[in-house]
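Report on the following structure.
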Amino acid sequence: MSTRIAALAFAGLCGCAQPPVREAAPAAAPAPPLAPVNIAHRGASAYAPEHTLPAYRLALEMGADYVEQDLQLTRDGRLVCLHDTTLERTTDVEEVFPDRAVTIETADGPRRVWPVAAFTLDEVKRLDAGSWFDAEFAGVRVPTLQEAIDLVQGEAGLYMETKDPETYDALGLAMEAELVRVLAANGLDAAATRTATPVFVQSFSAASLRRMRDLAGDTYPLVQLVGGPGTQGLLTDDGLAEVAGYADGVGPAFPMLLADPSRALAVRAAGLELHPYTVRAGQVPEPFDDATDLMVHLFDELGATGVFTDNPDLFPPAR
Ligand code: G3P
Ligand code: CA
């Protein structure tokens, strides 16, 4: 335990007044890890189009410990790295396949979308996933998980998210089984391989994480994301006890921890890793000076053991 955390923990235990946002929660924290991990969110996505090989490559160059992949499944069952379940935000699918949209109802009215699951991998590979971000990246493609592994393996860790698995369950596509298959095909089911390339699997879906545990046992540490619909209650003491039964860590939206710092130390007291998301240089709340200052607070005052950031270059130096 750092001197600073120890002093703040003692202040909490002695019954001092409720601390302001920049102070530690009023409880004793377990010792933080020697080196919290730098998780490049969608790659170095502040500087290159998210979930592309240039963004992943840049994350490695910036010293990320882990490179994040959000996973979707194509119609022919291939895992690709893409945040959304649909293709139109980050590719030119609207120009390449104008007749393949489906119309969905949203709170703002009907909207035309191009679901990943309606396209084969060959079709997805025809799309430009870089121009929307900057002309410099024109022609960059949506990577498969295999391509991401080929780039990252041996250089950093992989931090994969089973994204919207229920969407794929409904279509008869088993995301977790394919993920376990791909990891094993790359030797990542062997502990020796994971020494060079550690692996985390994360999800907002508890059912998905439980399925991963059923399929792969304790091979891959699992992280329950918190902040999406239906997950807010997981930071309560009861919620954390439940999460500890099937996962190894929690990834809350960082504003939840600023709003109630006691939840940060409750996560650590439950023996869980704490990997809040997502620190972005352009969205740093008061009273923090910048993204680095915010990350220092998450580590030193709240006991976070890693952080998701679009700006892996702004990760604080070892202290
Ligand atoms: O996985 C952590 C964070 O990435 C969750 O939010 O929507 O960016 O996947 P999202
Ligand atoms: Ca994610």
Side-chain angles (χ1 to χ4, degrees), residues 36-52 55-56 59 64-73 79-90 116 129 132-133 142-143 145 148-149 152 156-168 175-176 179 198-209 212 220-232 234-235 243 247-258 263-264 267 272-284 291 294-295 298 302 304-312 315:
V37 291
N38 179 353
I39 308 158
H41 181 249
R42 312 183 195 177
S45 57
Y47 313 105
E50 64 183 56
H51 292 313
T52 62
Y56 294 168
D65 298 303
Y66 289 85
V67 181
E68 190 208 21
Q69 296 82 37
D70 291 317
L71 301 176
Q72 307 287 344
L73 274 170
L79 285 167
V80 292
C81 305
L82 199 83
H83 178 271
D84 300 0
T85 54
T86 61
L87 291 156
E88 64 278 358
R89 182 177 64 84
T90 56
V116 179
W132 70 275
F133 187 85
V142 174
L145 174 58
I149 292 173
V152 173
L158 296 154
Y159 206 124
M160 291 150 290
E161 180 177 350
T162 57
K163 207 71 173 162
D164 301 290
E166 299 81 5
T167 298
Y168 297 101
M175 178 176 278
E176 297 81 9
L179 176 54
V199 173
F200 274 100
V201 177
Q202 51 167 334
S203 190
F204 283 104
S205 166
S208 181
L209 295 177
M212 282 298 300
Y220 309 111
L222 306 177
V223 171
Q224 173 69 59
L225 298 174
V226 180
T231 63
Q232 307 275 341
L234 293 176
L235 285 188
V243 170
D248 306 283
V250 174
F254 78 79
M256 298 176 77
L257 304 180
L258 300 185
R263 294 302 86 206
V267 170
L272 295 162
E273 299 287 339
L274 178 60
H275 294 172
Y277 68 89
T278 299
V279 173
R280 296 180 163 108
Q283 298 174 13
V284 175
L294 172 56
M295 287 190 264
L298 293 170
L302 300 183
T305 58
V307 70
F308 291 88
T309 178
D310 291 0
N311 306 87
F315 193 81

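Numbering of ligands and ligand atoms starts at 1, following listing order. Index from 1, following the sequence. When reading the values below, keep in mind they use all heavy atoms of this one structure, side chains included, and skip hydrogens, waters and symmetry mates.
No hydrogens or angles considered: a donor-acceptor pair under 3.5 Å links the side chains of E176 and S208. Under the 3.5 Å distance criterion, with hydrogens and angles disregarded, a donor-acceptor pair is assigned to the side chains of D310 and S45.
Annotation: Y220 is not in aromatic contact with F200 [ring centroid separation under 6.0 Å not met]. The six-membered or imidazole ring of F308 lies away from that of F254, with a centre-to-centre distance of 6.0 Å or more.
In terms of protein heavy-atom proximity, atom 4 (O) of ligand 1 is nearest to H41 NE2, 2.7 Å.
Contact atoms of ligand 1 toward D70: 9 (O) (distance under 4.0 Å to a heavy atom of the residue). Per-residue contacts place H83 under 4.0 angstrom from the following atoms of ligand 1 (heavy atoms of the residue considered): 7 (O), 8 (O), 9 (O), 10 (P). Each of the atoms 1 (O), 2 (C), 4 (O) of ligand 1 lies under 4.0 Å from some heavy atom of E68. Interface of L225 with ligand 1, defined as ligand atoms under 4.0 Å from a residue heavy atom, comprises 1 (O), 2 (C). Numbered from 1 in the order shown, with element, the atoms of ligand 1 that lie under 4.0 Å from a heavy atom of R42 read 7 (O), 8 (O), 10 (P). Residue-ligand proximity, K163 to ligand 1, at heavy-atom distances under 4.0 Å covers atoms 7 (O), 9 (O), 10 (P).
Per residue E161, closest N, O or S atom to the Ca ion (ligand 2): atom name OE1. Distances from the Ca ion (ligand 2) to each N, O or S atom of E68 single out OE2 as the nearest. The Ca ion (ligand 2) sits nearest to atom OD1 when only the N, O or S atoms of D70 are considered.
The CD atom of E50 lies 6.5 Å from the CG atom of D84; values are rounded to the nearest 0.5 Å.
T309 places a side-chain N or O within 3.5 Å of a backbone atom of V279 that can act as its donor or acceptor partner.
Below 3.5 Å of separation, one finds an N or O of Q202 facing an N or O of ligand 1. In terms of polar-atom proximity, defined here as any N/O pair under 3.5 Å, T278 makes no such contact with ligand 1.
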Item checked: Intermediate values then yes/no, side chain to side chain donor-acceptor pair (under 3.5 Å), E166 and S205 -> CA-CA 8 Å; E166 299 81 5; S205 166; 3.1 Å; yes

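For the side chain to side chain donor-acceptor pair (under 3.5 Å) with R42, the qualifying choice from H83, Q69, H51 is H83, the only one to do so.
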